[in-house]
Amino acid sequence: MPLRFSKMHGIGNDFVVLDCRQHPFALTATQIRALADRHTGVGFDQLLSVEPARDPACAFYYGIWNADGSPSGQCGNGVRCVAAWLHRAGALAVGDDVRIESPSGPVTVRLLGADQVTVDMGEPVFEPARIPFAAAAAAKHYPIVVGGDTLQIGAVSMGNPHAVVTVHDLADPALQRLGPLLSGHERFAQGANAGFVQRLDRGHLRLRVHERGAGWTLACGTGACAAMAVLHQRGDVNDTVMVELPGGCLRIDWAGPGHTLWMTGPAAFAFEGEWPVPAVA
Ligand SMILES: N[C@H](CCC[C@H](N)C(=O)O)C(=O)O
């Protein structure tokens, strides 16, 4: 039985979305990697499943797997696409606030239009043990040796682990080497999404992310939130920031008594398709 899917993207961070509301998700890591292959499969940065809610306070659950088959706790660009997918499926109306459960907990989405979504991404977590990141105590800067270089990083979780490095020039060729090394650094026990951020001014950031399990992507929603959270904690940015990524821009607002982060941006459909699932490898 071929697998029907929707191909979508959030400013170039691309996804395969599966409707698992009636049929449970049942792909192995090997099958996920086969589907992710950009030459012999469909190709994606992440695979997303839309499933019935497990938490009665949520309307739906969505699952997240990287191209390498590894699971993740959160996907900012992905949850905007799930909201747009639910709207096209007639399960979400423009203007509704809907709680959607993710592997790291619920987020609240609000469709501003058929292809514009704002999401309450929740509160950034700076406590090292909850990121997880090996450190004696929480700090605004952590010295870390990466490939022989000593970097000063920020570390934070948005439901998934992020390392944030401020740089003067995103075109620095050293980033090509540092990205994968930082993503796989031993102090991040579950790996990390490595974000390199250039601060243009207090309201504008430029960001590139080497994602855990997917490599360099055109955009990373939780990465934009992580960069904002780290720089806001240092007092270096305003409460509203535009984050420019290679694939496009996201708006991040720091708001609410619990210091939640709102991320606003587009969600786009590319095509619908079918994939002949290979026998379990
Ligand atoms: N690679 C990430 C998941 C996808 C995050 C990104 N695509 C986003 O939009 O937040 C991880 O393993 O934590």
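Atoms within each ligand, like the ligands themselves, are counted from 1 in listed order.
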A.B. asks: Are Pro124 and Leu261 packed together at the side-chain level, in the sense that at least one heavy-atom pair is separated by less than 4.5 angstrom?
C.D. replies: yes
A.B. asks: So between Glu211, Gln190, Met121, whose heavy atom ends up nearest atom 1 (N) of ligand 1?
C.D. replies: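 The option holding the nearest heavy atom is Glu211.
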A.B. asks: Check each atom of ligand 1 against the heavy atoms of Gln74 and keep those under 4.0 Å away; list them by number with element.
C.D. replies: 3 (C), 4 (C), 5 (C)
A.B. asks: Going by distance only, is there an N or O of Gly76 that falls short of 3.5 Å from an N or O of ligand 1?
C.D. replies: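 Yes.
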A.B. asks: Starting from atom 2 (C) of ligand 1, find the nearest protein heavy-atom neighbour and note its residue, name and distance.
C.D. replies: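 Looking only at protein heavy atoms, the one closest to atom 2 (C) of ligand 1 is Asn193 OD1, 3.2 Å.
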A.B. asks: Pick one of side chain, backbone, both or neither for how Ser72 approaches ligand 1, counting any non-hydrogen atom pair under 4.0 Å.
C.D. replies: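 The answer is the side chain.
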A.B. asks: Tell me: protein heavy atom nearest atom 7 (N) of ligand 1, and distance?
C.D. replies: Asn13 OD1, 2.8 Å
A.B. asks: Could you tell me whether Asn160 and ligand 1 have an N or O pair separated by under 3.5 Å?
C.D. replies: yes
A.B. asks: Would you say Ile64 touches ligand 1, if touching means a heavy atom closer than 4.0 Å?
C.D. replies: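 Not so, Ile64 does not reach ligand 1.
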A.B. asks: In terms of residue, atom name and distance, what is the protein heavy atom nearest to atom 10 (O) of ligand 1?
C.D. replies: Thr222 OG1, 2.6 Å
A.B. asks: Does Met158 come within less than 4.0 angstrom of ligand 1, counting non-hydrogen atoms of the residue?
C.D. replies: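 The answer is no: ligand 1 sits nowhere under 4.0 Å from a heavy atom of Met158.
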A.B. asks: Less than 4.0 Å is my threshold; does some heavy atom of Asp45 fall inside it relative to ligand 1?
C.D. replies: no
A.B. asks: Which of the atoms of ligand 1 are close to Asn66, meaning less than 4.0 Å from one of its heavy atoms?
C.D. replies: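 Result: 1 (N), 2 (C), 3 (C), 11 (C), 12 (O).
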A.B. asks: Using a strict cut-off of 4.0 Å, indicate which atoms of ligand 1 neighbour a heavy atom of Asn77.
C.D. replies: 8 (C), 9 (O)
A.B. asks: Might you point out which heavy atoms bring Trp275 and Gly41 nearest each other, and give the distance in Å?
C.D. replies: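 That closest heavy-atom pairing would be NE1-CA, 4.3 Å.
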A.B. asks: With distance as the sole criterion, is a donor-acceptor pair present between the side chains of Arg199 and His204 under 3.5 Å?
C.D. replies: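 Their side chains do not contain a donor-acceptor pair, so the 3.5 Å distance test is not met.
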A.B. asks: Between Trp85 and Phe269, is the ring centroid distance below 6.0 Å?
C.D. replies: no
A.B. asks: Do the side-chain N and O atoms of Thr260 and Glu123 include a donor-acceptor pair separated by under 3.5 angstrom?
C.D. replies: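 Absent: no donor and acceptor within the cut-off.
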A.B. asks: Does an N or O from Gly221, backbone or side chain, lie closer than 3.5 Å to an N or O of ligand 1?
C.D. replies: yes
A.B. asks: Start with the C-alpha gap between Asp239 and His232, add the side-chain angles, then the distance that decides, and say whether side chain to side chain donor-acceptor pair (under 3.5 Å) holds.
C.D. replies: CA-CA 7 Å; Asp239 287 354; His232 191 278; 2.6 Å; yes
A.B. asks: Is Cys75 near ligand 1, meaning one of its heavy atoms is under 4.0 Å from it?
C.D. replies: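 Distance cut 4.0 Å: Cys75 passes for ligand 1.
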A.B. asks: So, does Cys220 sit close enough to ligand 1 that a heavy atom of it is under 4.0 Å from the ligand?
C.D. replies: yes
A.B. asks: Under 4.5 Å between any side-chain heavy atoms of Leu218 and Ile11, yes or no?
C.D. replies: no
A.B. asks: Consider only side-chain N and O atoms of Gln74 and Thr222, and report whether a donor and an acceptor are under 3.5 Å apart.
C.D. replies: no
A.B. asks: I'd like to know if the side chain of Asn238 pairs up with that of Thr240 as donor and acceptor (distance under 3.5 Å, no hydrogens or angles considered).
C.D. replies: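 No donor-acceptor contact under 3.5 Å links the two side chains.
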A.B. asks: For Phe196, is the NZ or CZ atom of Arg208 found under 6.0 angstrom from the centre of its six-membered ring and inside 45 degrees of the ring axis?
C.D. replies: no
